[in-house]
Amino acid sequence: MRIHDTLTRRTVELVPRDPGKIAMYVCGVTPYASAHIGHARTAVIYDLLRRYLVHVGYAVMYVSNYTDIDDKIIQRAQAQGIAPLDLSNRYIEEYVEDMAELNVLPPDVTPRVSESIEDIIDLITRILANGYAYVSSDGVYFSVRKFGHYGRLSGRSIDEMRSGARVDVNEAKDDPLDFALWKLAKPGEISWESPWGKGRPGWHIECSAMSLRYLGGGFDIHGGGEDLIFPHHENEIAQSEAAFPGRQFVRYWMHSGMVNMGAEKMSKSLGNVMTVRELLKQYPGQVIRLYLLQTSYEKPLKFSLDGIGQAFSNYERMAEFETFVQELVKSSGGLIQGGDQDICDRFVREFDAALAENLNTSRALAAVYEFMTHVRRMVTEGHAATVDVSCAMKAFQSALWVLGLDETGAYMRDKMALVASRCNDLQTIAAEVGAAVDDQSAASDVLDAIIVKRQGARSAGQYDVADQIRERLRGIGIALEDGVDGVRYRIHGKQ
RNA sequence: GGCGGCAUAGCCAAGUGGUAAGGCAAGGGUCUGCAAAACCCUCAUACCCCGGUUCGAAUCCGGGUGCUGCCUCCA
């Protein structure tokens, strides 16, 4: 496949360090607050990359960290009167739950800073020994000017940054551009023993230590949000290559675009966030995931509820199609009288080709939509040729897996939860139409009773009554459909 | 101040030299008690503006305008 490499600014063929294997590292979150939709976007995108690589046959080793020690965590924990690691631990647990809802597969390894102190100390020791760092009054600093390639990833020169003059002034630094590898602890702060005194790692060093630990030097893909390009990833390169001079740290750098709230970037520090939790109350995780995949991963995504509503319609279509094609396979024994035998092959080829071109999800989704239309048309028209429809089902399900949209079961569960959230309304309607339910009945039972009532009206020819009931349900976001094989209903998150 | 990115129909969005994918919404049709779903049809002489290069540009170049990212914690 081809991917866009931030370092060379080119879209290039992905050539692994070891044939058939991909080693990838993605910067995870600093868990001091609930994950927002921007965090979700990054997680979903790299999860898609991983799934695609597995799909085309690679053995993938995927590492993603938690930066569970940093200034903000310490501050917040202090404010709440709890231990920093308790705070970060709580949000890590929350994050794991949220990502599971979005069908993000757990990475193979999820290292934490607090559990990687030894590796970090070893790495700093190496950097010091190689002369790229110095011990100062309040910690250990990296000498940016000693690293010749500094600024290559983010495309800036050391002198330009000087004119920016927004780098903080710190007496302990030899140069304002230098950054901390190890911070000596202030009284009462969480700390670990080190050759330079009790303290904790600076930001940046942990990702070098953890990625090198689990993947080794020169691993394949390093990813993260594009806001990490500078200084985080720039510094990672500097540290890692200073520790192991002459060896390339990472083969390809990938960066995912930001989610914007209105015109501005969504960020915890700006406070303009939409959390995943909040969204999951209104929409199934699969719908949110599809929403995030509708835009190319490198472009900014302007968050909108309307966009999620569109994703809802689309996901509904996919879920319905999956059921449809499964039933078709059952009823036809796998072969049907249809049309174009090539439909499957063309779909698989186009879908894979789209993702192979720097994860073009819009194009891949277009292939999925067209495929659904083609298969249904084939069945509708019923040509003379015999077509293997089980291959269509397999191709479709395989594509859904790659996109991580294969949790149709979870989708149905989430929809039922939305029905349950309307239990009061349903009870009201049941009372109005005289459906036989009691106050204790579950929402789905109440809904069933209403539907039974309506079917009774229909078979009695009382269409005005039936239509009224349908309208009432539509009013609370439940749409009834009378098919030849019974009644179905759809639930809509938007109202 | 320095270095980037983006601008395609009501909305989302692909497309980096060959004459505008796909989806949502909308309108019409088939089907249906009526709807919905499904299927069929319609829906940008046109890609922010002005120049230029070219047989040919949404795509390349120059100049504008607007929005935005990074330079400080950040996915």
Side-chain angles (χ1 to χ4, degrees), chain A residues 9 11 26-30 32-33 35-46 64 67 70-72 75 151 154-157 159-168 203 223-232 234 255-260 262-270 273 290-291 294-296 298-302 304 306-314 316-317 320-321 324 350 354 357 360-374 376-381 458-459 461-464 466-467 470-471 474 479-484 487-490:
Chain A
R9 284 144 224 272
T11 302
V26 174
C27 287
V29 292
T30 302
Y32 70 87
H36 60 61
I37 187 76
H39 300 117
R41 186 184 192 198
T42 299
V44 163
I45 284 163
Y46 292 104
S64 188
T67 302
D70 97 328
D71 293 351
K72 287 206 170 127
Q75 272 172 29
S154 54
R156 58 192 85 207
S157 74
D159 299 321
E160 279 164 3
M161 283 184 277
R162 248 181 149 24
S163 65
R166 290 180 72 182
V167 237
D168 60 328
W203 186 44
E226 71 178 351
D227 55 349
L228 296 181
I229 294 173
F230 188 91
H232 188 56
E234 195 71 72
H255 291 95
S256 52
M258 297 292 101
V259 175
N260 296 329
E264 274 182 320
K265 171 183 156 186
M266 183 183 297
S267 86
K268 283 185 280 195
S269 49
L270 289 175
V273 301
L290 175 57
Y291 171 66
Q294 285 178 160
T295 306
S296 307
E298 293 180 287
K299 291 202 171 170
L301 171 61
K302 192 166 143 192
S304 88
D306 188 54
I308 295 191
Q310 292 183 8
F312 209 139
S313 302
N314 283 128
E316 183 78 15
R317 197 177 148 197
E320 290 283 327
F321 179 80
F324 164 78
E350 170 58 16
E357 187 54 39
N360 191 331
T361 49
S362 311
R363 203 179 127 197
L365 284 168
V368 171
Y369 297 132
E370 285 195 294
F371 178 68
M372 291 193 288
T373 300
H374 288 159
R376 299 193 92 130
R377 180 194 298 157
M378 184 174 84
V379 174
T380 303
E381 292 180 351
R458 283 186 75 208
S459 41
Q462 299 167 328
Y463 291 120
D464 52 333
D467 290 350
R470 189 169 58 195
E471 275 313 301
R474 180 191 295 281
L480 293 189
E481 297 172 10
D482 303 317
V484 282
V487 188
R488 310 168 77 95
Y489 55 85
R490 296 168 174 250

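Quick caveat, the model's predicted, so the values are computed rather than measured. Heavy atoms only: backbone and side chains are in, while hydrogens, waters and symmetry mates are out. Numbers restart at 1 for each chain; the letters A, B, ... are given by sequence-line order, proteins then strands.
- Among the atoms of the strands shown, only primed sugar atoms or phosphate atoms (P, OP1, OP2) are found under 4.0 Å from some heavy atom of A:Asn314.
- Not one side-chain nitrogen or oxygen of A:Ser362 sits closer than 4.0 Å to the OP1 or OP2 atom of B:rG22.
- Closest to the A:Lys265 side chain, of the nucleotides B:rA14, B:rC70, B:rA25, is B:rC70.
- Contact of the A:Val29 side chain with the A:Thr42 side chain is not registered, since no non-hydrogen atoms from C-beta on lie closer than 4.5 Å.
- Comparing B:rA13 with B:rA20, their C1' atoms are spaced 13 Å from each other, to the whole Å.
- Using a 4.0 Å heavy-atom distance criterion, A:Val26 is classed as making no nucleic acid contact.
- With B:rA14, B:rC24, B:rA75 as the candidates, the nucleotide lying closest to the side chain of A:Arg363 is B:rA14.
- Of the possible donor and acceptor atoms, none in the side chain of A:Tyr46 sits under 3.5 Å from a partner among the backbone N and O of A:Cys27.
- Between the C1' atoms of B:rG23 and B:rC61, the separation comes to 34 Å (whole Å).
- Annotation: the span from A:Gln310 atom CD to A:Leu290 atom CG amounts to 10.5 Å, rounded to 0.5 Å.
- With distances taken from any side-chain atom of A:Asp482 to the nucleotides B:rA35, B:rA14, B:rC71, the minimum falls on B:rA35.
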Show your working on side chain to side chain contact (heavy atoms under 4.5 Å, CB included) between A:Glu357 and A:Thr11 and close with a plain yes or no.
-> CA-CA 9 Å; A:Glu357 187 54 39; A:Thr11 302; 4.0 Å; yes
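- Annotation: B:rA21 and B:rG62 have their C1' atoms spaced 31 Å apart (nearest Å).
- Separating the CD atom of A:Glu226 from the P atom of B:rC71 is a distance of 11 Å, rounded to the nearest angstrom.
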Walk me through it: do A:Arg377 and A:Val379 pass the test side chain to side chain contact (heavy atoms under 4.5 Å, CB included)? CA-CA 5 Å; A:Arg377 180 194 298 157; A:Val379 174; over 6 Å; no
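- If you check every strand for non-hydrogen atoms under 4.0 Å, A:Leu480 touches a base.
- Under 3.5 Å, the side chain of A:Arg470 and the base of B:rA35 form at least one donor-acceptor pair of N or O atoms.
- A:Leu301 places its CG atom 16 Å from the P atom of B:rU68, with the value rounded to the nearest Å.
- Ranking B:rA75, B:rA13, B:rC70 by closeness to the A:Lys268 side chain, first place goes to B:rA75.
- Here the P atom of nucleotide B:rC73 and the CG atom of A:Leu270 are 14 Å apart, to the nearest Å.
- Ring-base stacking between A:Tyr369 and B:rG22 is not satisfied when judged by a centre separation under 5.5 Å and a plane angle under 30°.
- Nucleotide B:rG69 holds its P atom 13 Å from the CE atom of A:Met266, rounded to whole Å.
- Phosphate proximity of B:rA75 to A:Thr30: present, with a side-chain N or O under 4.0 Å from OP1 or OP2.
- Using a cutoff of 4.0 Å between basic side-chain nitrogens and carboxylate oxygens, A:Arg317 and A:Glu320 are not scored as salt-bridged.
- Here the side chain of A:Glu234 pairs a donor or acceptor atom with the backbone of A:Gly151 at under 3.5 angstrom.
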What N/O pairs connect the protein and nucleotides 37-40 of chain B at under 3.5 Å? Give each pair on its own line.
from, atom 1, to, atom 2, distance (Å)
B:rA37, O3', A:Arg490, NH2, 3.4
B:rC40, OP1, A:Arg377, NE, 2.5
B:rC40, OP1, A:Arg377, NH2, 2.6

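- Among all heavy-atom pairs drawn from A:Ser362 and A:Ser296, the shortest one is OG-N, 4.1 Å.
- In this structure, A:Gly461 reaches neither bases nor backbone, as no heavy-atom distance under 4.0 Å exists between it and the strands shown.
- Pair assignment for B:rU53 gives none, since no Watson-Crick or G-U wobble pairing has each distance under 3.5 Å.
- Between A:Ser304 and the phosphate of B:rC12, there is no side-chain N or O to OP1/OP2 separation shorter than 4.0 Å.
- Under the Watson-Crick or G-U wobble criterion, with both distances below 3.5 Å, B:rU45 is left unpaired in every strand shown.
- For CZ of A:Arg488, the number of neighbouring non-hydrogen atoms (other residues, nucleotides, ligands) closer than 6.0 Å is 12 at most.
- Contacts of A:Gly307 with the nucleic acid, taken as non-hydrogen atoms under 4.0 Å apart, are absent.
- A:Ser154 places no side-chain N or O within donor-acceptor distance of the main-chain N or O of A:Ile229, the cut-off being under 3.5 Å.
- As rounded to the nearest Å, B:rA14 and B:rU59 have C1' atoms that lie 13 Å from one another.
- Figure legend. B:rA20 is base-paired to no nucleotide; pairs are counted as Watson-Crick or G-U wobble with both atom distances under 3.5 Å.
- Here, B:rC67 and B:rU72 have their C1' atoms 23 Å apart, quoted to the whole Å.
- A residue-by-residue look at A:Thr42 and A:Phe230 shows that A:Phe230 has its nearest nucleotide of RNA chain B further toward the 5' end.
- Taking the side chain of A:Asn360 as heavy atoms from C-beta on, and the options B:rG15, B:rA75, B:rC70, the nearest nucleotide is B:rG15.
- Within the 4.0 angstrom heavy-atom criterion, no nucleotide atom of any strand lies near A:His255.
- When heavy atoms are screened at a 4.0 angstrom cut-off, A:Tyr463 is found touching base atoms of the nucleic acid.
- Nearest-nucleotide mapping onto RNA chain B: of A:Tyr291 and A:Leu365, the residue sitting toward the 5' end is A:Tyr291.
- A:Ser267 comes within 4.0 angstrom of a base, heavy atoms only.
- Between B:rG22, B:rC34, B:rA25, one nucleotide has an atom nearer to the side chain of A:Glu370 than all others, and that is B:rG22.
- Comparing the C1' positions of B:rU30 and B:rC55 gives an interatomic distance of 46 Å, to the nearest angstrom.
- You'll find that the side chain of A:Gln310 is closest to B:rC11, out of B:rA75, B:rC11, B:rA13.
- Rounded to whole Å, the P atom of B:rA38 lies 23 Å from the corresponding atom of B:rA44.
- We find that OH of A:Tyr32 is positioned 7 Å from C1' of B:rC73, with the value rounded to whole Å.
- For A:Lys299, a side-chain nitrogen or oxygen approaches OP1 or OP2 of B:rA14 to under 4.0 Å.
- In this structure the side chain of A:Thr30 never reaches within 4.5 angstrom of the side chain of A:Lys72, judged on heavy atoms.
- In this structure, A:Glu298 places its CD atom 16 Å from C1' of B:rU68, rounding to the nearest Å.
- Using Watson-Crick or G-U wobble geometry with both donor-acceptor distances under 3.5 Å, B:rA58 finds no partner in any strand shown.
- In this entry B:rG66 has B:rC6 as its Watson-Crick or G-U wobble partner, both defining distances falling under 3.5 Å.
- Here B:rG2 presents its P atom at 14 Å from CZ of A:Arg156, a figure rounded to the nearest Å.
- Taking only distance into account, the side chain of A:Ser269 meets the base of B:rC73 through a donor-acceptor pair shorter than 3.5 Å.
- Across the C1' atoms, B:rA75 and B:rG66 are found 27 Å apart, a figure rounded to whole Å.
- Spacing between atom CG of A:Asn260 and atom P of B:rC12 amounts to 13 Å, rounded to whole angstrom units.
- Proximity of A:Lys268 to A:His39: side-chain heavy atoms (C-beta onward) are separated by under 4.5 Å at one or more points.
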